[in-house]
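Presented below is the structure to which this report refers.
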Amino acid sequence: MSTWTTRAEAPGDIPAIRHINLEAFPTAEEADLVDALRADDSAWIDGLSWIATTPQSAPVGFALITRCHVDDQPALALAPCAVLPGSQRTGAGSAAIRAALDAAKAMGETLVLVLGHADYYPRFGFTPASEFGIRAPFEVPDEAMMALVLDENSTPPAGTIRYPSAFGV
Ligand SMILES: CC(C)(COP(=O)(O)OP(=O)(O)OC[C@H]1O[C@@H](n2cnc3c(N)ncnc32)[C@H](O)[C@@H]1OP(=O)(O)O)[C@@H](O)C(=O)NCCC(=O)NCCS
């Protein structure tokens, strides 16, 4: 495991973030999604786009959290998460995700939702969203739609997730 440095996205990081997403995914869909979310004031939250860098400050990993809703209650969506292929499985993704989640918690946010690998996200505390009565707005395996309650004193809203329009769902 390498030691990764994390920091919130700065304007100069935008090309590197696009590069990471283009390299990590088979198509440009996720890279385009990140750019569309950044352009959507109702979805983008400054300080919740995080990168993991090498000690030389080269961006390697990325995690983005944006605004979504559960019915009409505000929540957060973690997506996408991406790491340059040559550096995957060395902790960069986890470092970026943990930093983004910590930042969201520090902002007083209470609930994060993620659609993803059921054997990856539980390490951050995510559990099936269905346990909270939270449903995806599309068909998805139950274990892939997960929720993390950031504030244990809060009761997460039950309902259907409404994603920003950039997600196209
Ligand atoms: C998924 C991803 C962000 C994880 O980041 P990472 O830095 O590679 O992962 P970490 O080093 O933090 O954690 C490693 C663990 O992640 C898990 N993991 C990584 N990729 C996984 C995948 N595609 N499916 C399931 N688990 C995965 C493994 O359990 C791995 O543990 P191991 O070392 O025992 O194999 C990264 O691998 C990636 O960019 N993958 C391609 C794009 C993608 O699928 N993104 C997620 C959907 S938005």
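Start at 1 and go down the list; that is how both ligands and their atoms are numbered.
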Task: Under 4.0 Å to a heavy atom of Ser94 - the qualifying atoms of ligand 1, by number - done: 10 (P), 12 (O), 13 (O)
TODO: Please round to the nearest 0.5 Å and tell me the distance separating atom CG of Leu111 and atom CD1 of Ile134.
DONE: 4.5 Å
TODO: Check whether any side-chain heavy atom of Pro156 lies under 4.5 Å from a side-chain heavy atom of Val70, and answer yes or no.
DONE: no
TODO: Measure the spacing between CD1 of Ile45 and CD1 of Ile65 and express it to the nearest 0.5 Å.
DONE: 8.5 Å
TODO: Answer with yes or no whether Gly116 contacts ligand 1, where contact means a heavy atom under 4.0 Å from a ligand atom.
DONE: no
Task: 4.5 Å side-chain heavy-atom contact, Pro80 and Leu64 - done: yes
Task: Distance filter under 4.0 Å to Asp119 heavy atoms, resulting ligand 1 atoms - done: 25 (C), 26 (N)
Open item on the list: Is there a side-chain contact between Thr160 and Asp71 in this structure, where contact means two heavy atoms from C-beta onward sitting under 4.5 Å apart?
Closed with: yes
Task: Salt-bridge contact Arg38-Asp35 (side-chain N to carboxylate O under 4.0 Å) - done: yes
Open item on the list: Pairs of nitrogen or oxygen atoms closer than 3.5 Å, one from Val83 and one from ligand 1: do any exist?
Closed with: yes
TODO: Would you mind running through ligand 1 and noting each atom that sits below 4.0 Å from a heavy atom of Thr90?
DONE: 11 (O)
Open item on the list: Check for me whether Ala82 has a heavy atom closer than 4.0 Å to any atom of ligand 1.
Closed with: yes
Task: Nearest-0.5 Å distance, NE2 of residue His117 to CE of residue Met146 - done: 9.0 Å
Open item on the list: So, regarding Ala24 and ligand 1 (criterion: nitrogen or oxygen to nitrogen or oxygen, under 3.5 Å), is there a contact or not?
Closed with: no
Task: Short N or O distance, Cys81 and ligand 1, threshold 3.5 Å exclusive - done: yes
Task: Closest to atom 29 (O) of ligand 1 (judged by heavy-atom distance), picking from Arg123, Arg89, His117 - done: Arg123
- [ ] For Ala92 and ligand 1, answer yes if some heavy atom of the residue is under 4.0 Å from a ligand atom, otherwise no.
- [x] yes
